[in-house]
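The sequence lines fix the lettering, A, B, ..., with proteins before strands; numbering per chain opens at 1.
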Amino acid sequence: MSSQKIQAIRGMNDILPTQTPIWQHIETTIRQVLHSYAYQEIRLPLLEATELFNRTIGEVTDIVEKEMFSFTDRNGDRLSLRPEGTAGCVRAGIEQGLFYNQIQRLWYMGPMFRHERPQKGRYRQFHQIGAEAYGLAGPDIDAEIILMTARFWRQLGLNDLELQINSLGTAAARAAYREHLVNYFSDHHKQLDADSQRRLHTNPLRILDSKNPDMQTLIEGAPQLLEHLDEPSQTHFAMLKQLLDQAGVNYRVNPRLVRGLDYYNRTVFEWVTQKLGAQGTVCAGGRYDTLVEQIGGRATPAIGFAMGIERLVLLLDAEMPNNAPHIYLITVGDEGMQQGFRLAETLRDAIPKLRLLTHCGGGRFKSQFKRADKSGAKIALVLGEDEVAKQQVTVKYLREKQPQLSLAQSDLVHYLKENFFSDS
RNA sequence: GUGGGCGUAGCUCAGCUGGUAGAGCUCCGGAUUGUGGUUCCGGUGGUCGUGGGUUCAAGCCCCAUCGCUCACCCCA
């Protein structure tokens with residue numbers, strides 16, 4: 001590779017035709033489930049004022065300073081490519097009055113951008129599908145959201161994801177717990193690794209997430225958030241678990257499941273897999289009752305989640321739906337080509353579901369049949385000199401032992417409908 | 001930002017102690033003048049990521065640099 005060759009931006013991937021069928025399959029499946037819960041699509045800009053993200057995640061300086069795609073436009077405004085969907089959704093909801101004494105169940109889908117070092121399942125442009133419910137404070141909507149995600153995996157045929165849930169309580173309860181935790185880890189300061197000593201000052205809850213094996217016994221002994229929950233949060237969490245139990249959804253309460261940002265409260269959940277290396281979270285969600293107010297709206301309870309499509313693609317890679325054409329049309333000579341085009345358009349008019357690939361570029365029968373085979377088509381239609389002269393078409397089966405046959409061109413639509421598309 | 005692994009044909013990769021660049025797949029053509037998939041034969045395709053150095057000689061050794069990848073950090 002010459003260094004002058006123009007390449008894609010690091011961490012931004014081309015999704016090639018071999019991959020798009022699985023993307024389409026995931027998108028349509030998830031969309032269908034979202035509609036079955038009566039969630040409504042919202043489409044939002046990819047670009048927002050940097051200030052919007054500063055307000056929501058501003059307390060974590062690393063994210064704002066290093067991990068967003070931000071720039072100054074010609075007017076001198078600071079803009080950022082959206083690193084996630086919630087901030088823009090909340091902004092739009094406030095701006096358009098969607099939250100004013102209203103309940104909203106919304107979903108979105110699209111690319112997000114994070115300026116991080118790429119690794120497996122983690123890219124600079126990645127794609128999320130998310131859903132958010134506004135205006136509901138109770139555990140019932142938490143359960144609805146989680147049940148909906150469980151249905152996604154059933155519909156997609158993913159059965160080895162684990163649901164982990166936890167409650168972070170209220171901000172006040174968490175602040176109190178945070179003090180307990182800091183005291184505990186400070187007492188064992190010498191056992192903390194360098195990263196965790198830093199976290200002690202920046203985000204002590206994150207120490208619980210440490211991957212360092214040497215830290216695990218210390219973490220086991222740490223005070224647990226669930227034991228320091230305020231009473232209403234305990235009730236809320238208990239009811240959520242009851243609703244999940246009733247629905248037959250399995251889960252594991254993971255007391256160490258925390259969030260990097262402060263605006264989360266009460267319910268948090270993740271669907272995780274062991275199959276994707278270090279990036280095992282396929283879907284993550286939680287309640288953020290203070291976020292709307294934080295961005296400048298009236299206090300509005302909210303819960304939402306987002307899932308990474310790339311990770312679903314990695315998990316579902318083996319089972320690609322078949323998008324091969326049904327029919328490959330072979331023609332020889334100018335007359336054949338002309339009749340072929342007319343015939344092809346007639347077929348597409350008559351059978352909208354038909355995937356018909358018309359040979360282009362000329363060539364002899366042999367090479368055209370080779371391409372017909374490679375295309376994956378079930379049937380080759382042949383229009384050579386003989387057929388043209390008789391207004392016929394030859395039907396040859398490429399995948400099964402059946403003698404080829406010749407039909408009048410005018411009978412072809414009937415023949416195909418009869419044998420392959422009886423329902424259309 | 002930090003650390004490991006890897007850059008050789010469109011793809012997957014081999015290349016010994018430094019001695020003229022290889023295979024499989026793909027693609028094109030032929031065996032078969034209107035019939036694919038199996039088989040056989042032939043062909044196209046390379047600045048060995050890039051730049052420098054050592055050497056009679058570098059894909060291989062040394063330095064630098066770019067890229068990919070996995071992990072750490074972070075995780076909205």
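- A straight line from CG of Leu314(A) to P of U69(B) spans 12 Å, rounded to a whole angstrom.
- In terms of phosphate contacts, Arg117(A) brings no side-chain nitrogen or oxygen within less than 4.0 Å of OP1 or OP2 of C74(B).
- The closest side-chain heavy-atom distance from Leu354(A) to Lys417(A) is not below 4.5 Å.
- No donor-acceptor contact under 3.5 angstrom links the side chains of Ser186(A) and Asn183(A), judged on distance only.
- Geometric assessment of Arg82(A) against the ring of Phe53(A) yields a negative cation-pi assignment under the 6.0 Å and 45° thresholds.
- A centroid separation of 6.0 Å or more is found between the aromatic rings of Tyr184(A) and His180(A).
- Look at the C1' atom in both G19(B) and G15(B): the space between them is 14 Å, to the nearest Å.
- Side chain Arg122(A) to base C74(B): a donor-acceptor pair is found below 3.5 Å.
- Considering only heavy atoms from C-beta on, Asn212(A) stays 4.5 Å or farther from Asp195(A) through its side chain.
- Only the P atoms considered, G24(B) is 16 Å distant from A14(B), to the nearest whole Å.
- Look at the C1' atom in both A9(B) and G59(B): the space between them is 14 Å, to the nearest Å.
- Look at the P atom in both G52(B) and U12(B): the space between them is 28 Å, to the nearest Å.
- Here the side chains of Ile30(A) and Leu156(A) are in contact, with some heavy-atom distance below 4.5 Å.
- Residue Arg198(A) has its side chain nearest to C74(B) when only A76(B), C74(B), U35(B) are considered.
- RNA chain B is contacted by both Tyr397(A) and His115(A); Tyr397(A) maps to the nucleotide lying nearer its 5′ end (nearest heavy atom per residue).
- For residues 365-379 of chain A, the side chain to side chain donor-acceptor pair (under 3.5 Å) pairs, not counting sequence neighbours, are Asp373(A)-Arg399(A).
- Nucleotides G53(B) and A58(B), compared at atom P, are 12 Å apart to the nearest Å.
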Please report, to 0.1 Å, the donor-acceptor pairs under 3.5 Å made by any side chain of residues 41-49 of chain A, with sequence neighbours excluded.
unit_1, atom_1, unit_2, atom_2, d
Glu41(A), OE1, Arg43(A), NH2, 3.4
Glu41(A), OE2, Arg43(A), NE, 2.9
Glu48(A), OE1, Arg91(A), NH1, 3.0
Glu48(A), OE2, Arg91(A), NH1, 2.5

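- C56(B) and G19(B) make up a base pair, with Watson-Crick or G-U wobble contacts both under 3.5 Å.
- Residues Tyr39(A) and Val33(A) fail the side-chain proximity criterion, which asks for heavy atoms closer than 4.5 Å.
- The distance from atom CZ of Phe53(A) to atom C1' of C75(B) is 15 Å, rounded to the nearest whole Å.
- A71(B) atom P lies 17 Å from atom CG of Asn212(A), rounded to whole Å.
- Distances shown here put a side-chain N or O of Gln119(A) below 4.0 Å from the OP1 or OP2 atom of A71(B).
- When heavy atoms are screened at a 4.0 angstrom cut-off, Glu400(A) is found touching no nucleic acid atom at all.
- At a threshold of 4.0 angstrom between heavy atoms, the contacts of Tyr264(A) are confined to the sugar-phosphate backbone, with no base atom among them.
- Going from atom CZ of Arg91(A) over to atom C1' of A76(B) covers 17 Å, rounded to whole Å.
- Comparing C11(B) with C16(B), their C1' atoms are spaced 26 Å from each other, to the whole Å.
- As rounded to the nearest Å, G22(B) and C61(B) have C1' atoms that lie 22 Å from one another.
- Nucleic acid contact class of Val382(A) (heavy atoms, under 4.0 Å, all strands): base.
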Collect all protein-nucleotide pairs involving nucleotides 42-47 of chain B in which both atoms are nitrogen or oxygen and the distance is under 3.5 Å.
none

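- Taken residue by residue, residues 267-279 of chain A places heavy atoms nearer than 4.0 Å to RNA chain B at Gly277(A), Ala278(A).
- Atom-to-atom, CZ of Arg10(A) to P of C66(B) comes out at 10 Å; the value is rounded to the nearest Å.
- Pairs of residues two or more places apart, or lying in two chains, that qualify as salt bridge (charged side-chain N to carboxylate O under 4.0 Å, His left out) and include a residue from residues 118-136 of chain A are Glu116(A)-Arg122(A).
- For the pair Tyr37(A)/Arg151(A), a side-chain contact is recorded, criterion being any heavy-atom separation below 4.5 Å from C-beta on.
- RNA chain B is contacted by Arg364(A), Phe365(A), Lys366(A), Phe369(A), Lys370(A), Arg371(A), Asp373(A), Lys374(A) of residues 361-376 of chain A, taking any non-hydrogen atom closer than 4.0 Å.
- Comparing U35(B), A76(B), G34(B) against the side chain of Lys396(A) picks out U35(B) as the nearest.
- Figure legend. G1(B) is base-paired to C72(B); pairs are counted as Watson-Crick or G-U wobble with both atom distances under 3.5 Å.
- Counting only heavy atoms from C-beta outward, the side chains of His189(A) and Leu200(A) approach each other to under 4.5 Å.
- If Ala8(A) and Arg206(A) are placed on RNA chain B by their nearest nucleotide, the residue sitting closer to the 5' end is Ala8(A).
- C62(B) and U38(B) are spaced 45 Å apart, taking the P atom of each and rounding to whole Å.
- Contacts of Arg82(A) with the nucleic acid, taken as non-hydrogen atoms under 4.0 Å apart, are absent.
- Protein atom CD of Glu310(A) is 13 Å distant from nucleotide atom P of C70(B), rounded to whole Å.
- Residues Arg174(A) and Leu205(A) form a side-chain contact, since some pair of their non-hydrogen atoms from C-beta on lies under 4.5 Å apart.
- For the residue pair Arg78(A)/Thr72(A), the side-chain donor-acceptor check at 3.5 Å is satisfied.
- We find that CZ of Arg259(A) is positioned 14 Å from C1' of C74(B), with the value rounded to whole Å.
- Applying the Watson-Crick and G-U wobble criteria (two distances, each under 3.5 Å), G7(B) pairs with C66(B).
- Of the candidate nucleotides C74(B), C75(B), C70(B), C75(B) has the atom lying nearest to any side-chain atom of Arg114(A).
- Using a 4.0 Å heavy-atom distance criterion, Asp386(A) is classed as a base contact.
- Protein atom CG of Asp14(A) is 16 Å distant from nucleotide atom C1' of C11(B), rounded to whole Å.
- Here C75(B) is the nucleotide among U35(B), C74(B), C75(B) with the atom lying nearest to any side-chain atom of Asn203(A).
- Of the nucleotides present, none pairs with G37(B) by Watson-Crick or G-U wobble criteria with both distances under 3.5 Å.
- Applying the Watson-Crick and G-U wobble criteria (two distances, each under 3.5 Å), G43(B) pairs with C27(B).
- Side-chain contact, Thr29(A) with Gln155(A): no donor N or O sits under 3.5 Å from an acceptor N or O.
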